[in-house]
Amino acid sequence: MSESTAPIARPPAPTREHYLNVKYGIKSWLLTVDHKRIAILYLISITAFFFIGGAAAVLIRLDLATPAGDLVSSETYNKLFTIHGIIMVFFFLIPSIPAVLGNFLVPIMIGAKDLAFPKLNLLSWYLYMIGGSFTLWAMIAGGVDTGWTFYAPYSTTYANTHVIATALGIFVTGFSSILTGLNFMVTIHMMRAPGMTWLKMPLFIWAQYATSIIMILGTPVLAITIVLIAIERLLGVGIFDPALGGDPVLFQHLFWFYSHPAVYIMILPSMGVISEVISAFCRRAVFGYKFIAFSSLAIALLGFLVWGHHMFVSSQSPYAGMVFSLLSFLIAVPSAIKVFNWTATLYKASISYQTPILYAFGFIGLFTIGGLTGLFLATLAIDVHVHDTYFVVAHFHYIMVGGAIMGFLGGLHYWWPKMVGKLYPEAWARFSALVIFVGFNLTFFPQFLLGYLGMPRRYHVYDPEFQVLHVLSSAGASILGIGYLIPMVYFLWSLRYGKDAGPNPWDAKGLEWTIPSPPTTFNFEEPVTVGDVYDYPTEDETPPWKQGSSEGAHV
Amino acid sequence: MSEIGEHHGALAHHFEDLEQQRQSADLGMWIFLATEIMFFGALFAAYAVCRWMNPAGFSTGTSLLDVPLGTVNTAVLIGSSLTMVWAVQAGHRGDSRSIIRNLVGTLLLGSVFLVIKALEYSHKFHDGLVPGSLFTYGGEQAAGVEMFLCFYFVMTGLHALHMVIGFGLLVWLILLARRGRFTKEYSNPVEGVGLYWHFVDIVWIFLFPMLYLLEH
Amino acid sequence: MFENFPLFPDQVSASAGKVDALYAFLVIVTIVFSVLIFTAVLFFAVRYRRRKQGELAKTVHSSLKLEIVWSVVPLILALIMFGWGADLYFEMWRPPTEALDVFVVGKQWMWNLLHTEEGQKELNTLHVPLGQKIRLTMISEDVIHSFYIPAARVKADVLPGRYTRLWFEPTKAGEYHLFCAEYCGTKHSAMIGKVIVMPPVEYERWLSGGAGSEPLDVAGERLFGQLGCQSCHGAEGNQRGPSLAGVFGSKVQLQDGRVIVSDENYIRESILNPKAKIVAGYEPLMPTYEGQVSEEQLIQLISYLKTLDEKDSN
Amino acid sequence: MDETTNYRAQSVRIFLALMVLTAVTVAVSYVNLGALNLPVALLIACTKAGLVLVYFMHLKGNLRLLWIVAGSGFLFLAILITLTLSDYFTRQAVG
């Protein structure tokens, strides 16, 4: 591999005023309405939640190294996988890219001074923190053992753990997600710089727009589902209790109506990041811009039609199952289009290997496996066998960890110089990317085999014949855990000792690279001029049939 | 719920001009109303499924509701929507006195609605027709009736809560109008609260027939 | 740890082979596409790496043809998978006409299995004869469980308040796993058991050696008498209740005009909540038996009602 | 002043229409139409909601975008209800 072109370190500029040093003190942070500062607040809080959820994951994997599961008791194990699910889904994956990278970059990338409703943006962070503290309090006070899916009637009548407190936490955090979605949608519609038409917007903005649609239309249904759970626990009314005329499958319908589109809230922003990273490090516009942009919308809209594939074996009628299975297959097509277009972008590109593009390669590979294994679960006959087994666990971790987190880390590395004005250490970053990639595959690939063998998920004690695969998975988990710690260390290190990053360390195109890093409070000093999107100069190659005798076919 | 500009009049710093700010506030309120449609919508979906599964219990429950009171309430709420429209039109004209008069009208009609609602609720509490431990309904299909009443209280309660929030917004508008904040160019808050109020009216337009009028 | 270390599950039911064939097809498609994408990415990454600072990418024009190709090809593959999967699913789902009936009652953290003929009652183990279709009618007494036999590739949730069905045809003798696949509380991972498939001869010997319990329908008939059902539903009773002769599987006209097929769920609901579906032409007089009959007793009553065909309705 | 009076007159006309429709829906509910009661009630409620949306919330003559936002809210609610009920309706058919 050729030597990488390390960006030239610029002499430290005289301390220029920017959004970080314009004001100091707690009040300047806790009462800020600057979208960039709110993004930093979110970055700190979701990192904290990520490591809490991650610690729960490591404990689970350590306990599962032995069939008898003798590290923790069954109750604790159930609480561990529940809190791992809740924190990772609601407090890390859903907010991570929209609230951190989205908050920071959506206004800048479309040439606006700030989001449409800055005060609502701050309120969104406070709601996130209030919801988070409810859930953490519930966790400390004894935890909840219903699984992040809260299936009735266990969660409504039989669980005696802190279900309502956790549900309240998720209820409040849901509104934080709604407000972020609302803010992005209005900003993207109303506050684009003159000249930036819809087809001149960066693909990251398209992805945020599609994600906002889901946040707006899906999250309220989850809020009501949680209200119904709380009512059922308090009043003992029979909405989900069959003895009183209700139906537990109704809960699953309402829950999955939100929770499946929620997985697209988690993956779409990562797809936006990958489009940006690939075009920047290939020095070329992404292949098939329109197809990638509209496939994001297609995924967001189709995402609301497919939730029934979570319920194929739950006594849902087979006819409804067939409809949901067909719709689930249709939604696989836009994802396939995206992967093919990203791969096609690499053709005849000028690729420089820096950490963001390594995460993008990891994303393409792992998201492909994750997406294709999703087809197994959409196929009715196979889902009967693999539903609620480790096959499902492996599938959604390939999408969430292999896809969403790789995308988040890739985006964080790509825009870190812009956010803090400092460069991260390239060598360490590549090393940690490799460790994460290896640790991830060692953790979750064996789980596909476990799944088809029939090992059910959420089992504290399992049959000795599954132990070898579990030990492999646990080994992978410890590597993955270390892999995630390294970036936090060197990112913090770079704040102090990192080389100063100029306005455009990657020589990339995009409005965010035309302003100094870190940006000033109002982002743009002079009026914004909008060129074509990704207008990288590319070398026109005379096509072989036109070359005639002058020089050999130049492939 | 848009930005109240601190300096140079009503324009918030990050908007290009007042028109962009007004349209953004409008779009923001409409998108918020889309979330509210899904918020109440999920309750209607659960209600539809539970009613389909317990037809007997739910029709017995419906017969316990007071249709005339419900009809009066619907009329009152549509009336308050009318005065709200006048308030928004006054806002466009920047006529603060007319804004205040119509907002107060809306507030009064809204409180008549809530008084009637409180009346209905007290009847239910008195007759023990309240889901949970106070439920003392002896007739048949008790489980179905209790579930119906649970939906009745959750849906109308959530609606009433939105009315109370609406009251807060109306009072806030009246204070702003008294301070002459609204001019011909800038009356976004009045428009925003107007949209919100009409939405709350639309929720009741669906609530009333679905809860009161099916097979009673 | 290494002595018994399978990488692929046993195949014990007729449909297991078909599911594995579909699974193999999907695995091949996954491998093909993954290898295609992996090699493309790696080859492009190496072949088109930036050799010198500032080297430009070559102009490549987007091509609608290519986009259509890699939209239509995945769509066709997806529809093939859907069709094959749905077809096989319905084949595995449609209940067999004649099969050995076993009732399953799931309770927090154990499985009770009730054989119809001999009334054998088993805990967490299911003895079945080789080559005979087994039909399981399942219900739960508390939360949702899920009856899962990995070797037979079958799984169905076991719901409180409603019977769900599952059937499979064992084709290989031996002992196989039985798991609960839907999270049901603290000892969810202990709610497991064994499915023992035996040659028919050995099964008969096991069956006759049973602890002398009575067949379900006999117990059901006795219970039918004890609860005084025949006073309304019997032939010489006062005819206030509809005659139950040949009730199972018949079409029933309801008071509100709906016509439904009377299956286990209808009978169970009519016992526990009689006023939910009142037969046309009858008064809603029947008291509710909620709380007076256990799930097992309900199963006994239903087994008895299944034996009441047209002619003899005592 | 005529511009405001015709606004005001229009709003009163819409108000009266809503009152009439309320009276109609209550009256119709006393007539036992069997399975038709629900569709009729829903139809009247939708027309009333339509009137409020178009005239009171002045969607009329407003940005096409706002029509899409309002429409998508009701569309996705319809998706939730129809697909969920499709499960319940076909579940009984197969027993």
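Residue numbers start from 1 in every chain, and the chains themselves are labelled A, B, ... in the order their sequence lines are given, proteins ahead of strands. What's counted below: heavy atoms across the whole structure, side chains too, no hydrogens, waters or symmetry copies.
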A:Asp388 vs C:Ser146, side chain to side chain contact (heavy atoms under 4.5 Å, CB included): CA-CA, chis, key distance, verdict: CA-CA 9 Å; A:Asp388 264 341; C:Ser146 192; 5.8 Å; no
Name the region of C:Val27, side chain, backbone, both or neither, that has any atom closer than 4.5 Å to a heavy atom of chain A. both
With only heavy atoms counted, which part of C:Val19 is less than 4.5 Å from chain A, the side chain, the backbone, both or neither? both
Does a donor on one side chain sit under 3.5 Å from an acceptor on the other, for C:Arg49 and A:Ser352? no
Identify which part of C:His177 has an atom lying under 4.5 Å from any heavy atom of chain A, answering side chain, backbone, both or neither. side chain
Specify which of A:Cys282, A:Ser295, A:Ser315 makes the most heavy-atom pairs with chain C at under 4.5 Å. A:Ser315
Contacting region of C:Met191 [heavy-atom separation from chain A under 4.5 Å]: backbone
With only heavy atoms counted, which part of A:Ala152 is less than 4.5 Å from chain C, the side chain, the backbone, both or neither? backbone
Where does C:Glu182 contact chain A at under 4.5 Å (heavy atoms): side chain, backbone, both or neither? both
Do A:Leu380 and C:Trp93 have side chains that get closer than 4.5 Å, going by heavy atoms? no
CG of C:Leu7 to CG of A:Leu449, rounded to nearest 0.5 Å, is 6.0 Å
Any chance you could measure C:Phe38, atom CZ, to A:Leu366, atom CG, to the nearest 0.5 Å? 6.0 Å
Please look at C:Ile192 and chain A and tell me whether the side chain, the backbone, both or neither of the residue comes under 4.5 angstrom of a heavy atom of that chain. side chain
Between C:Tyr148 and A:His385, is there a side-chain donor-acceptor contact under 3.5 Å, judged purely by atom types and distance? yes
From C:Met81 atom CE to A:Ser325 atom OG, the distance as rounded to the nearest 0.5 Å: 11.0 Å
Have a look at C:Tyr183 and tell me which of A:Phe81, A:Phe150, A:Trp148 forms a ring pair (Phe, Tyr, Trp, His ring centres under 6.0 Å) with it. A:Phe81
Considering only heavy atoms, which portion of C:Ile31 lies under 4.5 Å from any heavy atom of chain A: side chain, backbone, both, or neither? neither
C:Met92 versus chain A, the contacting section by heavy-atom distance below 4.5 Å: side chain
OH/A:Tyr154 to CG/C:Asp142 distance, rounded to the nearest 0.5 angstrom? 10.5 Å
Step by step, work out the salt bridge (charged side-chain N to carboxylate O under 4.0 Å, His left out) result for A:Asp540 and C:Lys58. CA-CA 6 Å; A:Asp540 288 340; C:Lys58 304 289 183 294; over 6 Å; no
Who among A:Leu375, A:Thr156, A:Asn341 has the most heavy-atom pairs with chain C under 4.5 Å? A:Asn341
Polar side chain donor-acceptor pair, C:Asp20 to A:Tyr452, under 3.5 angstrom: yes
How many angstroms lie between OG in C:Ser62 and CZ in A:Phe291, if you round to the nearest 0.5 Å? 8.0 Å
Quick one: what part of C:Leu79 sits under 4.5 Å from any heavy atom of chain A, side chain, backbone, both or neither? side chain
A:Tyr536 side chain near C:Leu56 side chain, heavy-atom distance below 4.5 Å: no
Pair A:Phe340-C:Phe33, side chain to side chain contact (heavy atoms under 4.5 Å, CB included): steps then yes or no: CA-CA 10 Å; A:Phe340 288 127; C:Phe33 274 92; 3.6 Å; yes
Please flag which part of C:Ile144 lies under 4.5 Å from any non-hydrogen atom of chain A: side chain, backbone, both or neither. both
Let me confirm one number: the NE2-NE2 distance from A:His460 to C:His188, rounded to the nearest 0.5 Å. 12.5 Å
